[in-house]
Colleague: 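Submitted below is the structure of interest, expressed as structure tokens.
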Amino acid sequence: MAQPERFLRHLKRTGTLVPTTAEPVARVRPLTSATLEQHGARLTVPTYDRAALTPAVVHLSVGGFSRAHQLIYFDEVAQRRISTGWGVVGVGLRARTLQEALAPQDNLYTVVERSPDGERARVVGVLTDYLFAPDAPGAVLDRLADPRTRVVTMTITDAGYLLDPATREFTPDDDVRHDLACPGSPRTVFGFLVEALDRRRRAGAAPFTVVSCDNLHRNGEATRAAVVGFAALRDEVLARWITDRVAFPSSMVDRITPQTTPEERAAVALRHRVDDRWPVITEPFSQWVIEDTFCNGRPPLDDVGVRFVRDVTAHELMKTRLLNASHSALGYLGTLAGHERIDVLMGDPLFADYVTRLMDDEVTALIPVPEGIDLDEYKATLLQRFANPAIADRLSRLCRRGSTKLPHHLLPSLRQALAEGRPHALLTLALAGWIAYLQRVDGDGRPVPVEDERGPYLQALALAGGTDPRPLLAEESVFGDLGSVPGFADELSGVLRRLDREGVRATVAAAVLASAR
Ligand SMILES: NC(=O)c1ccc[n+]([C@@H]2O[C@H](COP(=O)([O-])OP(=O)(O)OC[C@H]3O[C@@H](n4cnc5c(N)ncnc54)[C@H](O)[C@@H]3O)[C@@H](O)[C@H]2O)c1
Ligand SMILES: O=P(O)(O)OC[C@@H](O)[C@@H](O)[C@H](O)[C@H](O)CO
């Protein structure tokens, strides 16, 4: 943090960089409504009247991804003068940091699209307000209950849905119990949604549509299960009203968006002359496919590249089983091999071959092909996207929350391949990679911390088993019945022994070679 912060202070103090040519260098200016016009000389900035936007969308849990994806689509609707009816109000539920960054800049922020050929930046204006829920639960409820709110989008991570992975039943935690006891000051997304829907029902107002933008299987159904599950603990009549009246379209979302580092913040200031407290760096690719089942008006997102379909499942399976599963496999195996960035890893022919074969030889046969998609082209694009050096996506980001991601993206392919007697050695190796990742210890023999709510528990099981995965596989909340598939534990144990004996490169090389035969 120290270096870029010092650099930014220098930029602010002097207003310029030391010029390296005779050209005058533009000032680095803060990002606010007042400076927009000046930024407009070098960046795309909102040219519409932000104050005229109707706040019809509430986004719950604004993070890097929603700022690079959903908000960009709504920004396009306003920027292209398609409609002023779809302004977005953001809500933060956990950390105050984003509010602190956005408030001084009138909720404006910069999105930088980077490809190997260059980059372009735009300032997003569609976020007209941002509420930090722990400080203002009443204001968030008022906003959600306001009849002008017609769509709620959300990115709360797969772990946030509180669903039992096997039964998809809602499993209340302490915060949910709090929300049931204090409905007027909720802490969880479900407490907010259910209380607001109840207020709308009592007022005779229409409900809003809830669009999950998290990477989990049938995310609309998952959201419905969680919201109705929560409501049923409160009031059966309300739960029935939600079931009958609220639409929860499933969606497939895609845009690789790394976490912004302080160095990148400084780089954005330097290149685009904009002092944004929290810009977002992303790739040029973006895709959003949503089921066409809105209950209170559908935003004109089809005019800005969103595809509406009857059933999103094929798109979702293609994306999560190819992109997200490959991300996890590369994350764990690459980390074990000592890499830190996926683009660098993809420059290593061994890992590029591994992920190509994983997709071509094992996963492709297991997934339906969505209408209008050329799967070979799609996979070729994925390889290019993974290798994009300009976004420098870190493996640590890909490794987080394995206990909730693998059950959605990787284990279903493995289970299906086993059931159908199809090749699965490379999928098994990816799972072994996760187990070996969990087993890493520091110089004092303590498990290396992992970013996963269930990390310490799963690390203890992985370490207890060593090269025998049975103690971990017995954890049905993650693995379902995988541990009881005849022969599978022995097969996985064989891979763990090889990893232990020969190391990750030799194990990956042997698996790739065997797959090629
Ligand atoms: N970054 C990407 O490339 C990308 C692409 C597609 C989908 N997604 C999905 O978007 C989601 C967010 O990713 P991100 O990259 O923006 O991460 P992020 O870390 O920038 O933001 C995550 C947000 O979720 C909040 N959150 C975490 N747990 C929560 C919970 N239990 N309840 C409510 N809020 C919670 C955090 O406070 C934060 O605001 C993830 O589910 C991810 O799979 C990300
Ligand atoms: O954000 P996570 O932790 O769920 O997953 C990490 C990445 O696989 C994911 O964010 C992808 O970059 C994204 O799904 C691409 O659209």
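Below, all heavy atoms of this structure are taken into account, side chains as well, without hydrogens, waters or symmetry copies. Each ligand, and each atom within it, is numbered from 1 in the order the structure gives.
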Colleague: Without swapping roles, check the side chain of Asp452 against the backbone of Gly402 for a donor-acceptor pair under 3.5 Å.
Modeller: yes
Colleague: At a 4.0 Å threshold, what atoms of ligand 1 neighbour a non-hydrogen atom of Arg400?
Modeller: 15 (O), 17 (O), 19 (O)
Colleague: Going by atom types only, do His217 and Glu316 share a side-chain donor-acceptor pair under 3.5 Å?
Modeller: yes
Colleague: Just grab all the ring-ring contact (aromatic ring centres under 6.0 Å, His included) pairs involving residues 338-380, residues at least two apart or on different chains.
Modeller: none
Colleague: So is Asp254 polar-close to ligand 1, meaning N/O to N/O under 3.5 Å?
Modeller: no
Colleague: Is there a donor in the side chain of Asn219 and an acceptor in the side chain of Tyr161, or the other way round, less than 3.5 Å apart?
Modeller: no
Colleague: May I ask which of Leu60, Thr404, Asp173, Val62 has a heavy atom nearer to atom 38 (C) of ligand 1 than the others do?
Modeller: Val62
Colleague: Can you sort out which atoms of ligand 1 are near Gly160, meaning under 4.0 Å from one of its heavy atoms?
Modeller: 31 (N)
Colleague: Polar pairs, ligand 2 vs protein, N/O only, below 3.5 Å.
Modeller:
from: ligand 2; atom 1: 1 (O); to: Arg400; atom 2: NH2; distance (Å): 3.2
from: ligand 2; atom 1: 3 (O); to: Arg400; atom 2: NE; distance (Å): 3.0
from: ligand 2; atom 1: 3 (O); to: Arg401; atom 2: NH1; distance (Å): 3.4
from: ligand 2; atom 1: 3 (O); to: Arg401; atom 2: NH2; distance (Å): 3.3
from: ligand 2; atom 1: 3 (O); to: Lys405; atom 2: NZ; distance (Å): 2.8
from: ligand 2; atom 1: 4 (O); to: Arg401; atom 2: NH2; distance (Å): 2.7
from: ligand 2; atom 1: 5 (O); to: Lys405; atom 2: NZ; distance (Å): 3.1
from: ligand 2; atom 1: 8 (O); to: Asn324; atom 2: ND2; distance (Å): 3.3
from: ligand 2; atom 1: 8 (O); to: His327; atom 2: ND1; distance (Å): 2.7
from: ligand 2; atom 1: 10 (O); to: Arg397; atom 2: NH1; distance (Å): 2.8
from: ligand 2; atom 1: 12 (O); to: Arg397; atom 2: NH2; distance (Å): 2.8
from: ligand 2; atom 1: 14 (O); to: Asn215; atom 2: ND2; distance (Å): 2.9
from: ligand 2; atom 1: 14 (O); to: Lys319; atom 2: NZ; distance (Å): 2.6
from: ligand 2; atom 1: 14 (O); to: Asn324; atom 2: ND2; distance (Å): 2.9
from: ligand 2; atom 1: 16 (O); to: Asp254; atom 2: OD1; distance (Å): 2.6
from: ligand 2; atom 1: 16 (O); to: Arg255; atom 2: N; distance (Å): 3.1
from: ligand 2; atom 1: 16 (O); to: Lys319; atom 2: NZ; distance (Å): 3.1

Colleague: Can you name the residues that form a side chain to side chain donor-acceptor pair (under 3.5 Å) with Gln79, not counting sequence neighbours?
Modeller: Thr47
Colleague: Which atoms from ligand 1 have a heavy atom of Gly63 less than 4.0 Å away?
Modeller: 16 (O), 20 (O), 21 (O)
Colleague: Applying salt bridge (charged side-chain N to carboxylate O under 4.0 Å, His left out) as the test, list every pair that has at least one member in residues 219-229; sequence neighbours left out.
Modeller: Arg218-Glu221
Colleague: Is there a donor-acceptor contact under 3.5 Å linking the side chains of Glu475 and Ser477?
Modeller: yes
